[in-house]
Amino acid sequence: MAGYISPEEGTDITEGAISAWDAVVIGGGLTGLRAALQVSRAGRKVAVISKVHPLRSHSVAAQGGMNAALGNVPGEGGAADSWESHAYDTVKGSDFLADQDAVALMCREAPATVIELEHMGTVWSRLGDGKIAQRPFGGAGFPRTCYAEDRTGQNVLHTLYQQVLGRKIPVFEEFFVTSLIMDGGRCVGCTALEIMTGAVHGFASRATLLATGGFGRIFSRSTNALINTGDGVALAFRAGAPLKDMEFVQFHPTTLYSTNILISEAARGEGGILVNRTGERFMARYAPHALELAPRDVVARAIEEEIARGNGFDGGYVHLDLRHLGSGRILERLPGIRQIAMDFAGVDPVKDPIPVQPGQHYSMGGIDVNTGGMSGLPGLYAAGECACVSVHGANRLGGNSLLETVVFGRLVADSIVRDIPKLREPVMGPVELAIQETGTKIREILGRSGGESPFAILRELEEIMFLHFGIFREGKKMQEGLRKIKDLQERSHHISLTNRDSAVNQALVRYLELEGMLQLAEVVALGALAREESRGSHTRRDHPQRDDGRFLAHTVAATEKGEVTLVYKPVTLGMFKVEERGY
Ligand SMILES: Cc1cc2nc3c(=O)[nH]c(=O)nc-3n(C[C@H](O)[C@H](O)[C@H](O)COP(=O)(O)OP(=O)(O)OC[C@H]3O[C@@H](n4cnc5c(N)ncnc54)[C@H](O)[C@@H]3O)c2cc1C
């Protein structure tokens, strides 16, 4: 093992080990674990790499549930749910930007996926007759969301982790992936910084799967974990994979005022109502039929409008009232929400309304992939929140993301297993080179002095994104935001760290994340500026109408020599007619 010694004191980057795999899965959340399990079941040699322990992946925070048309709870007038109804609601919720073939695939697979998880060990909540319980969620025509109290992600993630442990799949935890290794246009593996030791390791693999989650943390007021920095999306972009629909960022209507911890849609699904400072149930004016259970884009805009009109409470929030549900139902179905409200806002929802405001929640855009998770670069695949298939289009329905992770986690693994014989055997030369380059880069960063802190730049970025690319957008304001992002990109070249050690250096990891975040922010900004219409989560004050003539199309961003270019590609239609959306 060679060693790099920095010119500065205390720095010691070492070359770690190189290992060879059929497939490497980057990400230990629901997508990554489900995919690894499937590859392993096919008898292939697979490893999982995660920058945190898999059980700390953001999936663990998912509260409300997973959609599947099981039909265990009848709809209005006793009607029975079907995968076609699920697909229709999803496409309508997406403001007709989702690819209808991908949506149909996901919705058809959903019931079997929920049952399979149950067989693996997920403890779904139950109805009185013993069937899996389902509750109403926004934009859904039927009570369709299966749940484990309000801790669904935790339950499913533990289930899959247990399965991964059972199959003895190696998990490299607290390994931060720093680059994808490209050789002749093919992805042949990745490098990763072992956070505990500072060693840079190489993973040579025939197939590399990105399952790295969303990039919500480029925004302030986010419900996302601090680790949701979009690393995989940025890695893919730098490697030459196009990104799709990055301007579509979901703002969740109900996050806890001040901390922005999520108050799940399950709270409204169980019957919670939204009221303004005059006590009015204002959703009747915005979505007369669906009320609080309109899709998230509609409800978030309504709350933001109420606050802007002075109908919110001082500080900028409205009330989510659960009191009429009674303590029994709150304790049985929403115990986690009650605890969060008590711990972080000092209110007990059994006795008091919860103060809520909209906050960034989900990344609809991501790495452009087909339904098999292929990125277009041989050897590189993506699935889950870091990818854009696209099943969410311009606005995701609650409960569809957990479903996407598990369905496409499995399907992408099937593609990988099918492709492995055709993909190049692990090659060592490019991996050795990539380890050296990564070591040199980290040594250079750790050797800098007298520059700005990465944390200051990150805080500015988050504020710029929320203020200039938030729920309501406008051309001039976005231009100004883009200029500020460019300025931050420039300043980031002069960042230096006070901790110069390579081992256990969290500031170094934050810096490496920030590089990608600044790049993704620019892509979001360019996509939002170019899309001169309002669709789903993307609401422009200066272009308030949906414009199907120009923009019933996916935005595809690519980069060459540091310049980002945008093109548009058609949406896959066919199952449902494009129509006006109303709730
Ligand atoms: C608070 C909250 C509640 C939610 N509730 C619901 C819900 O009830 N229903 C629903 O459908 N959806 C819900 N969602 C959305 C859903 O939880 C996520 O979209 C989904 O869990 C993402 O899973 P994933 O596998 O794609 O990524 P994640 O679970 O985010 O996992 C990403 C993995 O990638 C790893 N990683 C990232 N970068 C690197 C790197 N550089 N090197 C190594 N490893 C890396 C991480 O360590 C992690 O293991 C919720 C979201 C939030 C924010």
Side-chain angles (χ1 to χ4, degrees), residues 24-35 48-68 135 137 145-157 160-161 171-180 190-195 203 209-217 222-235 250 252 254-256 260-266 269 296 336-337 340 359-364 366 382-387 391-392 396-406 408-409 509 512-513 515-516:
V24 163
V25 174
I26 308 174
L30 289 177
T31 312
L33 296 187
R34 183 63 191 86
V48 174
I49 308 177
S50 176
K51 65 178 176 180
V52 295
H53 186 283
L55 292 178
R56 297 193 60 220
S57 299
H58 185 65
S59 293
V60 81
Q63 300 172 351
M66 183 184 289
N67 294 339
R135 60 180 155 210
F137 248 51
T145 306
C146 310
Y147 57 95
E149 291 179 339
D150 52 4
R151 302 179 177 113
T152 312
Q154 183 183 6
N155 215 303
V156 181
L157 192 64
L160 290 178
Y161 186 55
V171 179
F172 294 86
E173 63 196 43
E174 302 199 343
F175 275 54
F176 180 87
V177 172
T178 44
S179 71
L180 297 175
C190 64
T191 56
L193 172 75
E194 185 180 358
I195 297 172
F203 294 81
L209 169 62
L210 290 163
T212 46
F215 53 87
R217 275 285 158 178
S222 175
T223 61
N224 285 202
L226 293 173
I227 55 172
N228 281 18
T229 48
D231 310 351
V233 185
L235 287 170
Q250 180 161 82
H252 196 289
T254 58
T255 76
L256 198 61
N260 299 108
I261 298 172
L262 182 72
I263 299 297
S264 168
E265 195 161 297
R296 290 173 178 175
I337 291 301
I340 288 169
Q360 188 286 334
H361 184 61
Y362 185 80
S363 319
M364 263 83 69
E385 193 173 338
C386 71
V391 285
H392 309 303
R396 172 177 77 90
L397 291 191
N400 269 351
S401 174
L402 289 190
L403 177 62
E404 178 193 17
T405 62
V406 188
F408 287 99
V509 174
L512 295 170
E513 290 169 346
E515 276 186 331

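Small disclaimer: the values here were computed from a predicted structure and weren't measured. Whatever order the structure lists ligands and atoms in, that order sets their numbers, starting from 1.
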Novice: Compute whether any side-chain donor of one residue and acceptor of the other, for N67 and T145, lie under 3.5 angstrom apart.
Specialist: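 A pair is found: one side chain offers a donor N or O, the other an acceptor, under 3.5 Å apart.
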Novice: Any donor-acceptor pair under 3.5 Å linking the side chain of E265 with the backbone of F137?
Specialist: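 No.
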Novice: Under 4.0 Å from ligand 1, counting heavy atoms only, is it the side chain of A211, its backbone, both or neither?
Specialist: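 Backbone only.
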Novice: As a check for students: among G65, A62, A148, G359, identify the option with a heavy atom nearest to atom 9 (N) of ligand 1.
Specialist: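 The residue whose heavy atom sits nearest atom 9 (N) of ligand 1 is G65.
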Novice: Could you find the nearest protein heavy atom to atom 44 (N) of ligand 1 and give me its residue, atom name and distance?
Specialist: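 Residue, atom and distance for the closest contact: K51 N, 3.0 Å.
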Novice: Are I227 and ligand 1 in contact, using a heavy-atom cut-off of under 4.0 Å?
Specialist: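 In this structure, I227 fails to qualify as a contact of ligand 1 - no heavy atom is under 4.0 Å.
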Novice: Examine distances only and state if a side-chain atom of N224 and a backbone atom of G214 form a donor-acceptor pair shorter than 3.5 Å.
Specialist: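 Judged by distance alone, no pair lies under 3.5 Å.
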Novice: Around atom 27 (O) of ligand 1, find the nearest protein heavy atom and jot down its residue, atom name and distance.
Specialist: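 Ranking protein heavy atoms by distance from atom 27 (O) of ligand 1, first comes G213 CA, 3.4 Å.
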Novice: Just do the side chain to side chain donor-acceptor pair (under 3.5 Å) check on H392 and E404 with the steps written out, would you?
Specialist: CA-CA 9 Å; H392 309 303; E404 178 193 17; 2.8 Å; yes
Novice: Measure the distances from the heavy atoms of A61 to every atom of ligand 1 and state whether one is below 4.0 angstrom.
Specialist: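 Yes; A61 lies near enough to ligand 1 that a heavy-atom distance drops under 4.0 Å.
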Novice: Given H392, E174, E265, H361, which has its nearest heavy atom closest to atom 50 (C) of ligand 1?
Specialist: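 Checking each option, the heavy atom nearest atom 50 (C) of ligand 1 is found in H361.
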Novice: Looking at ligand 1, is there an atom of it that comes within less than 4.0 Å of some heavy atom belonging to G153?
Specialist: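 The answer is no: ligand 1 sits nowhere under 4.0 Å from a heavy atom of G153.
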Novice: Which part of L402 is near ligand 1, with near meaning a heavy atom under 4.0 Å away: side chain, backbone, both or neither?
Specialist: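 Both backbone and side chain.
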Novice: Which ligand 1 atoms, with their elements, are less than 4.0 angstrom from a heavy-atom of V52?
Specialist: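 Listed by number with element, the hits are 47 (O).
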Novice: Nearest to atom 36 (N) of ligand 1 by heavy atom, T145, L210, T212: which?
Specialist: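 Minimum heavy-atom distance to atom 36 (N) of ligand 1 goes to T212.
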Novice: Considering the heavy atoms of F176, write down every atom of ligand 1 situated less than 4.0 Å from one of them.
Specialist: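 It comes down to these atoms of ligand 1: 41 (N), 42 (N).
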Novice: Quick check against the 3.5 Å criterion: does S59 have a side-chain atom that pairs as donor or acceptor with the backbone of L30?
Specialist: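 A pair under 3.5 Å: yes.
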Novice: With a 4.0 Å cut-off on heavy atoms, is M66 touching ligand 1?
Specialist: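 No, M66 has no heavy atoms under 4.0 Å from ligand 1.
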Novice: Please list the nearest protein heavy atom to atom 47 (O) of ligand 1 with its residue and the distance rounded to 0.1 Å.
Specialist: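 Nearest protein contact, heavy atoms only, for atom 47 (O) of ligand 1 is S50 OG, 2.8 Å.
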Novice: Counting non-hydrogen protein atoms only, what is the nearest one to atom 49 (O) of ligand 1? Give residue, atom name and distance.
Specialist: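 Going atom by atom, the protein heavy atom closest to atom 49 (O) of ligand 1 ends up being S57 OG, 2.6 Å.
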Novice: Does N224 reach ligand 1 with a nitrogen or oxygen that is under 3.5 Å from one of the ligand's nitrogen or oxygen atoms?
Specialist: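 In fact, backbone or side chain, N224 has no N or O that close.
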Novice: Find the distance between CG (L160) and CG (L33) and round it off to the nearest 0.5 Å.
Specialist: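 Between L160 CG and L33 CG, I get 6.0 Å after rounding to 0.5 Å.
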Novice: Please classify the V60 to ligand 1 contact at 4.0 Å (heavy-atom distances, strictly less than): side chain, backbone, both or neither.
Specialist: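 Looking at V60 and ligand 1, no heavy atom falls under 4.0 Å.
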Novice: Just need the protein heavy atom nearest to atom 8 (O) of ligand 1, so name the residue and atom and give the distance.
Specialist: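 Looking only at protein heavy atoms, the one closest to atom 8 (O) of ligand 1 is G64 N, 2.7 Å.
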Novice: Examine distances only and state if a side-chain atom of T31 and a backbone atom of A211 form a donor-acceptor pair shorter than 3.5 Å.
Specialist: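 Flag not set: sc T31 to bb A211 has no pair under 3.5 Å.
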Novice: Given 3.5 Å as the limit, does a donor-acceptor pair link the side chain of R135 with the main chain of G64, or not?
Specialist: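 Confirmed, R135 side chain pairs with G64 backbone.
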Novice: Side chain or backbone, does D231 bring an N or O within less than 3.5 Å of an N or O on ligand 1?
Specialist: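 Yes.
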Novice: State the OG-CZ distance between S401 and R396, to the nearest 0.5 angstrom.
Specialist: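 It is 4.5 Å, given to the nearest 0.5 Å.
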Novice: Can you tell me how far the CG atom of L157 sits from the CZ atom of R56, to the nearest 0.5 Å?
Specialist: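 L157 CG to R56 CZ: 12.0 Å, rounded to 0.5 Å.
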Novice: Can you name the atoms of ligand 1, numbered from 1 with element, that are less than 4.0 Å from a heavy atom of G28?
Specialist: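 Once the distances to G28 are compared, the set is 33 (C), 48 (C), 49 (O).
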Novice: Of the side chain and backbone of F175, name the one, both, or neither that has a heavy atom under 4.0 Å from an atom of ligand 1.
Specialist: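 Under 4.0 Å from ligand 1, F175 contributes backbone atoms alone.
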Novice: State, with a plain yes or no, whether a side-chain heavy atom of R34 is found less than 4.5 Å away from one of F408.
Specialist: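 SC-SC contact between R34 and F408 ruled out.
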Novice: So, taking the atom named CG in L209 and the one named SG in C386, what distance separates them when rounded to the nearest 0.5 Å?
Specialist: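 Here the interatomic distance stands at 7.5 Å.
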Novice: What atoms of ligand 1 come closer than 4.0 angstrom to any heavy atom of Y362?
Specialist: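 It comes down to these atoms of ligand 1: 19 (O).
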Novice: In this structure, does ligand 1 have an atom that sits under 4.0 Å from one of the heavy atoms of G399?
Specialist: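 In this structure, G399 qualifies as a contact of ligand 1 - some heavy atom is under 4.0 Å.
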Novice: Give me the nearest non-hydrogen protein atom to atom 3 (C) of ligand 1 as residue plus atom name, then the distance to 0.1 Å.
Specialist: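 The answer is L262 CD2, 3.3 Å.
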Novice: Looking just at side-chain N and O atoms, do K51 and S57 make a donor-acceptor pair shorter than 3.5 Å?
Specialist: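 K51 vs S57: no donor-acceptor pair found between side chains.
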Novice: Is there a heavy atom in H252 that sits closer than 4.0 Å to ligand 1?
Specialist: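 False for this residue.
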Novice: Atoms of ligand 1 less than 4.0 Å from G29 heavy atoms?
Specialist: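 Listed by number with element, the hits are 25 (O), 29 (O), 31 (O), 33 (C), 49 (O).
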Novice: Give me the residue, atom name and distance of the protein heavy atom closest to atom 23 (O) of ligand 1.
Specialist: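 The answer is S59 OG, 3.1 Å.
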Novice: Looking only at protein heavy atoms, identify the closest one to atom 35 (C) of ligand 1 and say how far it is in Å.
Specialist: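 Here the closest protein heavy atom is G27 CA, 3.6 Å.
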Novice: I'd like to check which ligand 1 atoms, numbered from 1 as shown, lie under 4.0 Å from a non-hydrogen atom of G384.
Specialist: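 In order of numbering, the contacting atoms are 26 (O).
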Novice: Working to the nearest 0.5 Å, report the span between CG of L512 and CZ of F176.
Specialist: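 Answer for the CG-CZ pair, L512 versus F176, is 5.0 Å.
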Novice: If every non-hydrogen atom of N260 is compared with every non-hydrogen atom of T255, which pair is closest and at what distance?
Specialist: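 Scanning both residues completely, I find the closest heavy atoms to be ND2-OG1, 2.8 Å.
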Novice: Heavy atoms only: which of T31, V25, V171, V177 lies closest to atom 42 (N) of ligand 1?
Specialist: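 Looking at heavy atoms only, V177 sits closest to atom 42 (N) of ligand 1.
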Novice: Going through the checks in order, is the side chain to side chain donor-acceptor pair (under 3.5 Å) test met by H252 and T223?
Specialist: CA-CA 8 Å; H252 196 289; T223 61; over 6 Å; no
Novice: For L262, is there any backbone N or O sitting under 3.5 Å from a side-chain donor or acceptor partner on Q63?
Specialist: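 A pair under 3.5 Å: yes.
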Novice: Pick whichever of R56, E385, H58, Q63 has a heavy atom sitting closest to atom 52 (C) of ligand 1.
Specialist: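 Of the listed residues, H58 has the closest heavy atom.
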Novice: So is T152 touching ligand 1 or not, going by heavy atoms under 4.0 Å?
Specialist: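 So T152 does not count as touching ligand 1.
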Novice: How long is the span from the CG atom in N228 to the CD atom in E385, to the nearest 0.5 Å?
Specialist: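 Those atoms lie 6.5 Å apart.
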